[in-house]
Amino acid sequence: ISYPPRQTGGLVFAETYRRGSQIDQIRLTFHDQKNITFLLENNFWVIREADYYYANMEFLDLLIRDLNLSEFYHRQQSFPDNVSQNNEVLIETFAQGQNLDHMVISAPAANPAYHFAHRRGEKETWLISGKFNLPPETYSWIMQPLLNYPPQMIEAVSLDGETLNRRDPRSLFTDSQNRQRSLNPLLDQFSYLIAQDVLSAQNFDETAFKKLRQISATTFSGLVTTLDLLSNGRDYWLKITLSATTLPTHDVNAYIRDNTFLYDGWFFKIAPATGKLLENFKPL
């Protein structure tokens, strides 16, 4: 893909770059007026529209990188006819309540390293550099996945009080009667569990939900992760608790210390298919 010669190398979010250490709010406004707002609180980025749960720093770091590096590349005579304006996203940055920069980002150009953009209320369109991957779903921006344990890490699984164990990562699990059982569909959930929504405990009405079952997985290193599955007959939510066996490794204690805040006091909505699998799963 070839483009006209660069006309200017000025930073698109120049004031954001200049006052980088003071930025405490980034707001995305999508074409349907839905907002996703990132707030810096106690040295953590949280999302207002996700009940102030923690942002996915991998995604947010990529956005901040674009904000710091994006440059005006070429002024356009008019907005390209073959580029839809229906997916425009307004990006605004703030420091102590002051709006520093704003730019409306349109669909990517033929080369995805560039986007068409214009300032709010202005017709002048620019080709700017930057990938600007801006998914509109709030859950795409929260800390994901909730769980990410490779199946070979799991030593034991408890389902409603019944525990199945194995001697090593290559063995099958055995139940209390020493019968070999497969838990692969369940282990898949522990290896990559995604939330669709999140609520703090103070905003989650636990009395409106029935506790369906409790499932826990214990790793060979002594980390215990317990899932309490709740449902109102339509939606499924999880309460996740981290704990340790009586003889955990030092790394497990450190992991619990550093990660409990991601689970303690939060409830996570999961996809109906995932909820049904957890509700009905039986060892094979």
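What you see is a predicted model, and the numbers here were worked out from it, not measured in a lab.
Under the 4.5 Å side-chain criterion, counting only non-hydrogen atoms from C-beta, Leu262 is in contact with Tyr53. Side-chain atoms of Phe190 and Ile215, non-hydrogen and from C-beta on, do get closer than 4.5 Å to each other. Taking 4.5 Å as the limit, every side-chain heavy atom of Phe173 sits out of range of all side-chain heavy atoms of Thr163. With contacts defined as side-chain heavy-atom distances shorter than 4.5 Å, the pair Leu67/Ile23 does not qualify. Side-chain atoms of Leu60 and Asn56, non-hydrogen and from C-beta on, never get closer than 4.5 Å to each other. Residues Trp237 and Ser231 form no side-chain contact, since every pair of their non-hydrogen atoms from C-beta on lies 4.5 Å or further apart. Side-chain contact between Phe132 and Ser70 is present, with heavy atoms from C-beta onward closer than 4.5 Å. Residues His118 and Glu88 have side chains in contact (heavy-atom distance under 4.5 Å, counting atoms from C-beta outward).
Not counting sequence neighbours, the partners of Glu155 by the side chain to side chain contact (heavy atoms under 4.5 Å, CB included) test are Phe220.
Side-chain atoms of Arg166 come within 3.5 Å of backbone N or O of Pro169 as a donor-acceptor pair. Not one N or O on the side chain of Ser158 forms a donor-acceptor pair closer than 3.5 Å with the backbone of Ser216. Panel note: side chain Tyr263, backbone Leu146; a donor-acceptor pair is recorded below 3.5 Å. Asp168 places a side-chain N or O within donor-acceptor distance of the main-chain N or O of Ser171, the cut-off being under 3.5 Å.
Exactly one of Arg27, Glu49, Gln25 qualifies for a side chain to side chain donor-acceptor pair (under 3.5 Å) with Thr37. That residue is Glu49. Under the side chain to side chain donor-acceptor pair (under 3.5 Å) test applied with Tyr236, the options Glu279, Gln196, Lys269 reduce to a single match, Glu279.
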Run Glu71 and Tyr73 through side chain to side chain contact (heavy atoms under 4.5 Å, CB included) and show every step you take. CA-CA 6 Å; Glu71 295 182 339; Tyr73 184 83; over 6 Å; no
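In terms of heavy-atom proximity, Leu90 sits nearest to Arg120 at CD2-NH1, 3.5 Å. The shortest heavy-atom contact between Ala95 and Asp24 is CA-OD1, 3.5 Å. Of all the heavy atoms in Phe72 and Ile128, the pair that sits closest is CD2-CG2, 3.9 Å. The nearest pair of heavy atoms linking Ile142 to Ala195 is CD1-CB, 4.1 Å. Taking each heavy atom of Leu183 and Pro283 in turn, the nearest pair found is CD2-CB, 3.8 Å. Of all non-hydrogen atoms in Asp235 and Phe209, the two that sit nearest each other are O-CE2, 4.3 Å.
Side-chain polar atoms of Glu92 and Asn99 form a donor-acceptor pair below 3.5 angstrom. Using modelled atom types and a 3.5 Å distance limit, the side chains of Tyr149 and Thr225 yield a donor-acceptor pair.
A distance of 11.5 Å separates NZ in Lys34 from OG1 in Thr29, rounded to the nearest 0.5 Å.
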